Q: 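Next up is a structure, given as structure tokens.
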Amino acid sequence: MNKGKYYITTAIAYTSRKPHIGNSYEIVLADALARFKRMQGYDVFFQTGTDEHGQKIEEYAAAAGISPKEYVDGVAGEIKAICDCLNTTYDKFIRTTDKEHEESVQKIFKKLMDKGDVYKSEYEGLYCTPCESFWTESQLVDGKCPDCGREVKPAKEEAYFFRMSKYQKQLEEYIESNPNFIYPESRKKEMINNFIKPGLQDLCISRSTFKWGIPFPGDEKHVIYVWVDALLNYITGLGYNGEDNSEMYNKYWPANVHIIGKDILRFHTIYWPIMLMALGEPLPKQVFGHPWLLSGNDKMSKSRGNVIYADDLCDRFGVDAVRYYLLSEMPHAQDGTITYETIIERYNSDLANTLGNLVNRTVAMNNKYFGGVIQAPTASEDIDAELKEMALGTLEKVTKLLDTYKVSDALSEIFDLAKRCNKYIDETMPWALAKDEAKKERLGTVLYNLLESIRFVAVLLKSFLPETSDKILEQLGTDINTLDSLSEFGALKAETSVGIATPLFSRLDAEKTLAEIEASLPAVEEEKEDKKEIVGLAEIQYDDFAKVELRVCKVVDCKPIKKAKKLLELTLDDGTKTPRTVASGIAKWYKPEDLIGKSVIVVANLAPRTLCGVESHGMILAGDITEDDVKVAFVEGLPAGTQLC
RNA sequence: CGCGGAGUAGAGCAGCUUGGUAGCUCGUCGGGCUCAUAACCCGGAGGCCGUAGGUUCAAAUCCUACCUCCGCAACCA
């Protein structure tokens with residue numbers, strides 16, 4: 001029975017704000033897998049939690065006028081509440097602000113330093129003043145701050161670095177000899193081609209520009225880089241601290257799988273394994289980067305007003321409906337979408353019609369014809385074989401599909417069985433059998449086959465829709481719910497009684513439901529209004545401003561830059577006789593003809609910079625309304641060459 | 001020539017590895033049934049399988065070129 005241990009984790013959620021339904025997909029996916037593994041007889045440890053340090057959180061807290069700790073306590077509470085409302089069975093919810101985690105991380109750092117893999121450096125680093133961030137050469141984006149794109153200055157500041165490069169070869173070997181380590185395959189290629197092949201750079205693992213983090217052991221001016229702190233949760237949660245390994249750690253590590261979003265594969269498949277190698281610990285067996293759930297065609301974001309939260313959905317549709325949607329609608333390797341229309345559609349057609357109605361009609365018939373008592377199947381006919389065969393074959397299919405995380409395919413196998421049951425009812429026509437006293441035995445057998453098949457469905461659904469599964473079993477009047485009980489058709493006991501036929505999912509009136517949702521949306525809009533978190537820059541003197549030369553320029557010519565997706569090359573009349581060339585990252589929003597003839601404001605005395613082969617002399621002013629909406633500040637009535645002050 | 005993925009009925013997807021009557025869900029139309037939640041079962045309509053070439057007796061499937069979309073990288077002076 002016991003097949004050994006199975007350690008599964010989700011990524012820990014960043015406590016910057018309440019997570020939306022897309023963020024919640026991961027925990028449900030991991031939960032379904034964890035539940036299934038438990039049913040299979042594995043000793044499962046399932047960990048999730050929250051990632052609570054870092055500059056961003058310090059800023060959010062400051063904006064909210066509370067301490068970072070107060071801030072993360074609030075958000076972590078929301079995150080945990082959502083995990084709970086989704087009925088997830090995590091064994092541990094770790095917070096990176098947990099005392100044990102913080103202490104363990106510090107001890108682990110000492111160990112890394114002792115091993116010589118962390119070194120303190122004082123070399124000329126590059127500093128972005130507005131972001132108060134320190135970057136290594138490799139982190140720069142074409143020599144600029146990767147966060148804000150502004151100029152960075154050489155600054156002498158001490159920082160700690162981790163020798164990634166030392167382990168490059170070892171990592172390559174591991175990835176090669178463990179072909180399933182990075183999954184799915186396409187992501188693996190991305191990692192290898194984009195990061196590993198070009199060569200790994202040492203990673204700066206300390207920050208001294210803000211305070212909200214785990215203090216660097218032995219050097220309290222620094223805090224530990226949040227990603228390093230966060231990744232360690234997978235082992236600190238088991239009690240690993242670099243000194244003596246806990247029993248839990250010895251038992252469960254290495255993780256069988258880290259379930260994470262495709263966007264953070266790099267951290268989990270490069271930095272994390274290398275950290276473990278440095279510690280001399282085994283590597284996780286697999287990292288699964290799942291796709292994203294999008295709202296309609298867009299990423300969910302507050303500014304778009306298309307955010308959907310798991311708890312709201314659970315209130316409206318019920319937990320299992322939400323779980324079902326997430327698990328069945330998400331494709332295996334492509335991003336999925338969520339709209340209220342499709343939720344209702346899936347709810348009605350799959351949960352209410354196919355499954356709910358099947359259970360309801362079958363239980364109702366057994367009550368009607370036999371006073372609820374389950375009959376022994378004594379009058380089998382050839383037609384029964386197909387149904388039984390299908391019931392018996394489903395577990396194997398589901399198991400196989402889940403091995404490669406094809407959850408939606410697995411669910412659809414189970415629903416196929418339910419559909420087969422519905423068909424069987426039509427084939428056998430129990431209501432006709434009921435009219436003939438001589439066929440009573442056959443009727444009892446038909447209903448038995450149905451009830452037993454439904455039991456198969458319920459047991460198979462247990463990992464995915466736990467509440468529904470229990471409700472079905474309750475209506476069947478049985479508690480035989482193990483996977484083992486699916487090895488033979490006939491575990492359901494005759495002479496016991498079914499319960500009362502109670503609809504599992506009442507059909508939704510699509511129009512009415514959508515109207516209700518619509519009516520509840522204005523509240524969201526309002527929230528949007530007062531959520532303008534403008535983070536200002538540090539105060540400057542007039543002299544600083546005076547150094548910037550703003551000049552009106554007329555766009556004479558404009559063309560896309562071949563190699564770049566985002567860049568347009570503009571030729572400008574800046575009032576002088578020589579045309580000025582500027583590259584601007586607005587190709588997504590403007591076509592050349594939209595710009596030619598217009599006048600724009602240019603930062604004229606910015607040092608030239610070559611971008612994708614084009615030397616750019618200056619920068620056009622444009623406003624980022626949102627991340628996805630940028631407008632150039634056009635000016636009228638000012639001739640080319642006018643200087644602004 | 002940066003790396004990778006995708007383009008299949010109105011919508012969402014499978015099939016492509018190992019060529020051989022194009023399949024699933026929803027929607028739509030018609031029929032059946034009445035145990036059940038206007039549900040369930042059966043059937044029809046609806047596709048030049050992104051475009052153009054090539055290989056082959058035969059291509060959605062293999063090869064070449066191109067177009068479009070997406071992800072990663074790069075990139076918003």
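FYI, side chains are in, hydrogens and waters are out, and symmetry mates aren't considered; it's all heavy atoms of this structure. Every chain is numbered from 1, with letters handed out A, B, ... down the list of sequences. These figures come from a predicted structure and were not determined experimentally.
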Q: For residues 396-405 of chain A, tabulate all N or O donor-acceptor pairs below 3.5 Å that involve a side-chain atom, not counting sequence neighbours.
A:
from: T399(A); atom 1: OG1; to: L395(A); atom 2: O; distance (Å): 2.7
from: T404(A); atom 1: OG1; to: L401(A); atom 2: O; distance (Å): 3.3
from: Y405(A); atom 1: OH; to: Q286(A); atom 2: OE1; distance (Å): 2.5

Q: Considering only atom P, compute the distance from C72(B) to G54(B) and round it to an integer number of Å.
A: 38 Å
Q: Using the C1' atom as the reference point in each nucleotide, state the distance between C3(B) and G46(B) in Å, no decimals.
A: 39 Å
Q: I need the minimum non-hydrogen distance between I517(A) and F317(A), along with the two atoms involved.
A: CD1-CZ, 4.2 Å
Q: Could you check whether L504(A) gets within reach of a base, just the sugar-phosphate, or nothing at all, counting any heavy atom under 4.0 Å?
A: base
Q: Measure from the side-chain heavy atoms of R361(A) and tell me the nearest of C26(B), C33(B), C40(B).
A: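 Selected nucleotide: C40(B).
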Q: Just how far, in rounded Å, is C1' of G71(B) from CE of M191(A)?
A: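 So the two atoms are 10 Å apart, to the nearest Å.
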Q: If you measure from the P atom in C24(B) to the same atom in C67(B), how many Å do you get, rounded?
A: 36 Å
Q: Pairing of RNA chain B as dot-bracket, 5' to 3': ( ) intra-strand, [ ] crossing, | other strand, . unpaired, with Watson-Crick or G-U pairs under 3.5 Å?
A: .(((((((.[[[[.)....(..]]]].(((((.......))))).....[[[[[..)....]]]]])))))).....
Q: Rounding to an integer number of Å, can you tell me how far Y340(A) OH sits from C26(B) P?
A: 24 Å
Q: With heavy atoms under 4.0 Å as the rule, sort K419(A) into base, sugar-phosphate or nothing.
A: sugar-phosphate
Q: Using the P atom on both, measure G43(B) against U25(B) and round to a whole Å.
A: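 Roughly 11 Å separates the two P atoms.
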Q: What is the distance from CE of M619(A) to P of C75(B), rounded to the nearest Å?
A: 16 Å
Q: For E345(A) and G12(B), give me the distance from atom CD to atom C1', rounded to whole Å.
A: 8 Å
Q: Looking at E467(A) and R323(A), is there a salt bridge between them, counting it only when a charged N and a carboxylate O are closer than 4.0 Å?
A: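 No, no charged N to carboxylate O under 4.0 Å.
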Q: Send over the distance from E427(A) CD to C35(B) P, rounded to a whole Å.
A: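 After rounding, the reported distance stands at 19 Å.
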Q: What's the gap between G7(B) and C13(B) when it is taken at their P atoms, as a whole Å value?
A: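 Between the two P atoms, the distance is 10 Å.
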Q: Mind running side-chain contact (heavy atoms from CB on, under 4.5 Å) on I414(A) and V457(A) for me, showing each step along the way?
A: CA-CA 6 Å; I414(A) 303 171; V457(A) 170; 4.0 Å; yes
Q: Starting from the 5' end of RNA chain B, give me the residue, F505(A) or M429(A), whose nearest nucleotide shows up first.
A: M429(A)
Q: Just by modelled atom types, is the L387(A) backbone N or O under 3.5 Å from a matching donor or acceptor in the R420(A) side chain?
A: no
Q: Could you check whether N353(A) gets within reach of a base, just the sugar-phosphate, or nothing at all, counting any heavy atom under 4.0 Å?
A: sugar-phosphate
Q: Sticking with atom C1', work out how far C49(B) lies from A59(B), rounded to a whole angstrom.
A: 11 Å
Q: Please tell me which of the listed nucleotides, U37(B), A73(B), C33(B), lies nearest to the side chain of P503(A)?
A: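 So the side chain of P503(A) is nearest to U37(B).
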Q: Take atom P in U56(B) and the same atom in G10(B), then report the distance between them in whole Å.
A: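 My reading of the P atoms in U56(B) and G10(B) gives 35 Å.
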Q: Expressed in angstrom and rounded to an integer, what is the separation of W292(A) atom CH2 from G5(B) atom P?
A: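 Checked: the CH2 to P distance equals 19 Å.
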Q: Measure CD1/I338(A) against P/C26(B) and give the value in whole Å, please.
A: 19 Å
Q: Hey, which of these two, L358(A) or V603(A), hits RNA chain B nearer its 5' end, going by closest nucleotide?
A: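 Mapping each residue to its closest nucleotide by heavy atoms, the 5'-most match is L358(A).
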Q: Would you tell me if any nitrogen or oxygen in the side chain of K262(A) comes within less than 4.0 Å of OP1 or OP2 on G71(B)?
A: no
Q: Could you tell me how far apart Y325(A) (OH) and G12(B) (P) are, to the nearest whole angstrom?
A: 12 Å
Q: For R507(A) and A352(A), indicate whether the former's side chain and the latter's backbone hold a donor-acceptor pair under 3.5 Å.
A: no
Q: Under 4.0 angstrom, heavy atoms only, what part of the nucleic acid is R346(A) near: base, sugar-phosphate, or nothing?
A: nothing
Q: Of all the choices, C40(B), U37(B), C33(B), which nucleotide is nearest to the side chain of N422(A) once you look at every atom?
A: C40(B)
Q: Please measure how far the P atom in U64(B) lies from the corresponding atom in U21(B), and state the result in whole Å.
A: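 Per the computed distance, 25 Å lies between those P atoms.
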Q: Look at K388(A) together with E452(A) and state whether they make a salt bridge at an N to O cut-off of under 4.0 Å.
A: no
Q: Could you check if a side-chain atom of L443(A) sits within less than 4.5 angstrom of a side-chain atom of F370(A), using non-hydrogen atoms only?
A: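 Counting from C-beta outward, L443(A) and F370(A) do come under 4.5 Å.
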Q: Can a donor-acceptor pair be found between the side chains of N422(A) and T354(A) at a distance below 3.5 Å?
A: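 The criterion, which ignores hydrogens and geometry beyond distance, is not satisfied for T354(A) and N422(A).
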